[in-house]
Structure formats: structure tokens, C-alpha cells
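Below, each value reflects all heavy atoms present in this structure, side chains not excepted, and no hydrogens, waters or symmetry copies. Because the structure is predicted, anything quoted here is derived from the model rather than measured. Along the sequence shown, residues are numbered consecutively beginning with 1.
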Amino acid sequence: MASETTILSNAENLKKFLRLPQNGQLIAEYIWIDSEGGTRSKSRTLPEKESQYLPEELPIWNFDGSSTGQAPGENSDVYLKPVAVFPDPFRGSPNILVLSECWNADGTPNKFNHRHEAAKLMEAHADQVPWFGLEQEYTLLDVNDRPYGWPRNGFPAPQGPYYCGVGTGKVVQRDIVEAHYKCCLYAGVKISGTNAEVMPAQWEFQVGPCDGIEMGDHLWLARFLLHRVSEEFGAKVSFDPKPIPGDWNGAGLHTNFSTENMRKEGGMKYIEDAIKKLEARHKEHIAVYGEGNDKRLTGRHETGSIDSFTYGVANRGASIRIPRECGAKGYGYFEDRRPASNADPYQITGIIMETCFGAVSE
């Protein structure tokens with residue numbers, strides 16, 4: 001790792017402590033999403049049990065929301081309600097990771113709790129059997145916020161050899177990518193693949209297919225794991241769609257979507273109906289599809305323009321792409337290519353369900 005700052009690792013020293021017995025106790029790492037779309041976490045000790053804890057069996061906890069931009073100082077307690085539990089790949093069994101929703105003291109969901117509304121939409125339209133798959137692009141930076149493998153001054157050679165590249169000079173930080181992949185598999189995240197992207201130090205992993213609200217849960221847990229793995233290697237993860245200025249592809253969070261009807265013969269009718277509804281609410285979707293998306297959706301580099309809505313078969317320059325195989329078969333799924341890499345998966349999946357099947361009445 002070429003960097004002006006030396007990162008000291010105590011990984012070998014830590015191993016002997018991680019092997020110590022826990023005397024019938026486990027460590028639960030509570031994870032939540034903060035006001036900036038980042039992940040936070042804190043640990044607590046719980047008694048070990050024979051089977052893995054279910055979310056409803058875990059205690060509600062709290063944190064100081066004034067320190068995370070989620071509450072004012074004079075009323076700073078924000079409550080953590082467990083919603084999903086995963087094995088902990090860092091501490092090993094029996095320890096767990098606990099994904100949690102944020103709730104205010106008055107019993108209302110926190111302003112930055114986008115999962116709550118998405119879960120209501122998924123439940124209301126469960127008969128559609130929605131499947132999602134998200135393709136998360138990201139950039140790996142050194143401690144000086146410079147992409148790994150880039151010259152100290154200037155830019156690398158133009159894109160071309162980097163996408164799905166193999167070999168020195170084409171890809172960097174594969175060790176982080178491999179470690180993250182294994183951590184996701186251990187934790188039970190439905191990670192389905194990974195590849196190097198078109199810009200040096202830019203990578204992608206895919207999660208799905210996932211059913212309903214599970215999509216957001218697994219994508220957020222995968223993001224947390226990526227940050228934690230990168231921490232071990234002294235690297236930073238950027239989900240900024242354009243972390244570096246220049247003539248480079250912006251990073252996206254491409255969203256694959258289908259319902260049971262779309263996946264059956266004759267499904268193209270349902271796909272086309274959904275696309276028409278998405279076109280009618282283009283501005284509403286763009287509003288929740290990530291910060292800085294205007295720098296990415298330029299109509300160049302395999303993107304549509306942020307100001308217009310387009311779709312087509314096998315067209316990666318469109319807002320919505322229907323895969324060629326699906327177009328030929330007449331059923332399958334479509335890909336929404338508009339979301340930026342920093343978008344919230346709960347907001348993406350929620351608004352797709354709302355647009356296609358209707359809002360949920362209170």
C-alpha cells in the first residue's frame with residue numbers, strides 16, 4: 001500500500017486474544033445507519049444461547065444521537081431496535097452482528113430511519129413477491145483520500161484495461177476485496193459476486209436476489225463489513241459517485257428488480273407497465289437516488305442524463321435497461337441504472353415498490 005502515512009497493524013498480536021474463551025458470554029455488535037449515510041456500531045455482552053438470537057429476543061439499546069447528527073443535545077437518546085442478526089466474521093462464533101433501526105424516545109422512527117417506511121411497503125405488497133439485486137460500486141482510498149494505484153501527481157492511463165482486470169498495473173487492493181467477500185459469506189450476506197470496475201481502485205460487489213426488505217438489510221450489512229475489513233488494511237471506502245474529478249465513470253448502485261408476474265411467461269407486459277410508472281415519477285426517484293448524482297448521470301460513460309428518462313434492451317446508456325436475454329425470452333427483470341453508489345437501499349427499493357404498486361395509507 002503506497003501511502004505517505006504508515007499504517008501499523010497489530011493483527012498478529014490480536015489473534016491470541018481472540019482465541020480466549022468467553023465463559024458462556026457473547027459479544028453483540030449493534031450496527032445502525034447515521035445521518036450521513038454511514039454505519040456506526042457499539043458492542044455489548046449477552047449470555048450465550050444454544051441457537052442464534054432472533055431480533056425480537058435481543059434487548060433494545062440506545063446511543064447518543066447528538067454525536068451522530070440524529071438528535072439534539074437536549075434530547076439525545078436514540079433507541080436501537082434489532083431487525084436482523086448475522087454471525088460475526090471478525091470475532092467468530094458465538095458472537096453476532098445486530099443490524100438495528102433507529103427510533104426516537106417518543107416512539108416515532110428517527111428521521112434517518114428509512115427502513116421503517118420501506119418495510120411497510122414490502123409488507124403491503126408482499127403478494128407481488130418482489131426480488132431485488134443491487135450492484136454496489138465503490139472506490140478504495142488511502143489515508144490521504146487518493147485512490148490506490150494512482151500516480152502521486154496526475155491521473156492513470158485512460159480506462160480500458162481495468163474493468164475485470166487481472167494483473168499488476170490493472171487492479172489494486174484485491175486483498176481487501178477477497179477478505180470482504182469471505183466475510184460476507186461467513187455472515188450469511190447474499191453476496192453473489194464481485195469484479196474490478198473501469199477506474200483503477202474502483203470495485204463492485206453484487207448482493208441478491210433478495211426478497212423485499214431483506215435487500216436493504218443485506219446491502220447495509222455488506223457495506224459495514226467492507227468498512228471494517230478496510231479498517232484492518234488501513235484503507236478508506238468511498239461510496240461517493242465521483243470521488244475524484246476527471247473523465248471517469250461515476251460509481252452507481254444499479255438495481256435489478258422483478259416481481260412474480262415479471263418472472264413468468266408473458267412477464268414483459270408487467271415489466272413495461274412498471275417502466276411507464278417509473279417514467280412518470282422520474283424526478284421523485286432522482287431525489288432519493290443519492291447525493292452528487294448530477295456529476296454521474298451526464299449521459300456519458302454508460303449513463304442516462306439526470307434530466308431525462310430513457311429505457312431500452314441491452315442499453316447501458318439508458319435510465320432503465322432490460323437485459324437482452326429477458327428481451328428475447330419476453331420475461332425476467334429490469335435494471336434501474338439511475339441510483340448513485342451512496343444511495344440508501346431502503347429508499348431505492350421502497351420508492352420502486354411505491355411507484356409500481358402504490359403508497360401505503362396510514
Side-chain angles (χ1 to χ4, degrees), residues 22-34 39-65 68 70-71 76-132 134 183-191 207-225 228 344-347 349-350 353 360-362:
Q22 297 184 187
N23 298 323
Q25 306 291 302
L26 63 76
I27 304 170
E29 190 76 14
Y30 279 59
I31 301 161
W32 71 95
I33 300 138
D34 66 16
T39 51
R40 307 269 183 145
S41 73
K42 58 189 293 192
S43 309
R44 70 178 296 168
T45 305
L46 296 173
E48 187 178 347
K49 60 193 292 282
E50 290 186 7
S51 58
Q52 181 168 290
Y53 278 98
L54 298 174
E56 58 269 23
E57 296 174 321
L58 289 162
I60 293 174
W61 206 10
N62 64 77
F63 66 93
D64 172 15
T68 64
Q70 292 171 272
S76 64
D77 281 359
V78 178
Y79 291 89
L80 293 169
K81 290 187 178 182
V83 293
V85 183
F86 301 85
D88 186 340
F90 303 105
R91 297 184 175 113
S93 180
N95 305 298
I96 55 176
L97 304 176
V98 182
L99 188 66
S100 305
E101 283 190 12
C102 295
W103 286 72
N104 301 320
D106 62 2
T108 60
N110 188 260
K111 175 183 178 182
F112 303 99
N113 176 359
H114 301 302
R115 185 186 189 277
H116 178 65
E117 289 300 319
K120 289 197 298 186
L121 285 159
M122 298 303 175
E123 183 178 357
H125 303 302
D127 59 325
Q128 299 290 336
V129 195
W131 287 2
F132 294 93
L134 295 187
C183 283
C184 285
L185 292 173
Y186 180 93
V189 170
K190 291 185 176 180
I191 186 169
V207 176
C210 292
D211 188 354
I213 199 64
E214 179 186 62
M215 182 72 257
D217 293 347
H218 281 236
L219 198 281
W220 270 115
L221 202 282
R223 283 178 171 177
F224 168 81
L225 293 174
R228 274 289 284 109
D344 187 310
Y346 296 131
Q347 289 186 292
T349 57
M353 293 298 290
V360 177
S361 58
E362 294 295 336

Go through the steps for S100 and I31 under the test side chain to side chain contact (heavy atoms under 4.5 Å, CB included), then give the verdict. CA-CA 6 Å; S100 305; I31 301 161; over 6 Å; no
Apply side chain to side chain contact (heavy atoms under 4.5 Å, CB included) to the pair T39 and W220, showing each step before the final yes or no. CA-CA 8 Å; T39 51; W220 270 115; 3.7 Å; yes
Kindly determine whether D344 and R115 satisfy salt bridge (charged side-chain N to carboxylate O under 4.0 Å, His left out), including the steps that lead there. CA-CA 9 Å; D344 187 310; R115 185 186 189 277; over 6 Å; no
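A perpendicular orientation is assigned to the rings of H116 and W103, their planes being inclined by more than 60° (bins at 30° and 60°).
Note that CZ of F63 and CD of Q70 are 4.0 Å apart. Values are rounded to the nearest 0.5 Å. Interatomic distance, E214 CD to T349 OG1, rounded to the nearest 0.5 Å: 11.5 Å. Taking OH of Y30 as the reference point, atom CG of L99 lies at 12.0 Å (rounded to 0.5 Å). Between atom CZ of residue R223 and atom SG of residue C184 there is a gap of 12.5 Å, rounded to the nearest 0.5 Å. In this structure, M353 CE and I213 CD1 are separated by 10.0 Å, a value rounded to the nearest 0.5 Å.
Ion pairing between a basic and an acidic side chain is recognised when a charged N comes within 4.0 Å of a carboxylate O; K120 and E117 show such pairing.
Under the 6.0 Å distance and 45° angle rule, R228 counts as a cation-pi partner of F90. Under the 6.0 Å distance and 45° angle rule, K81 does not count as a cation-pi partner of Y79.
The two residues G212 and F132 have their closest heavy-atom pair at O-CD1, 4.1 Å. Across all their heavy atoms, L58 and P82 have their closest contact at CB-CG, 3.7 Å. A pairwise comparison of heavy atoms in L97 and L225 identifies CD1-CD2, 3.9 Å as the closest pair. The shortest non-hydrogen separation linking E101 to N113 is OE1-ND2, 3.1 Å. W61 and S43 get closest at one heavy-atom pair: CH2-O, 2.9 Å. For the residue pair P345 and L134, the shortest heavy atom distance occurs at CB-CD1, 3.6 Å.
Sparse packing is recorded around NZ of K111, with 12 or fewer heavy atoms of other residues, nucleotides or ligands lying under 6.0 Å away. Counted within 6.0 Å of CD on E123, heavy atoms from surrounding residues, nucleotides or ligands total 12 or fewer; the atom is thus considered open.
Side chain of K42 to backbone of N62: a donor-acceptor contact under 3.5 angstrom is found.
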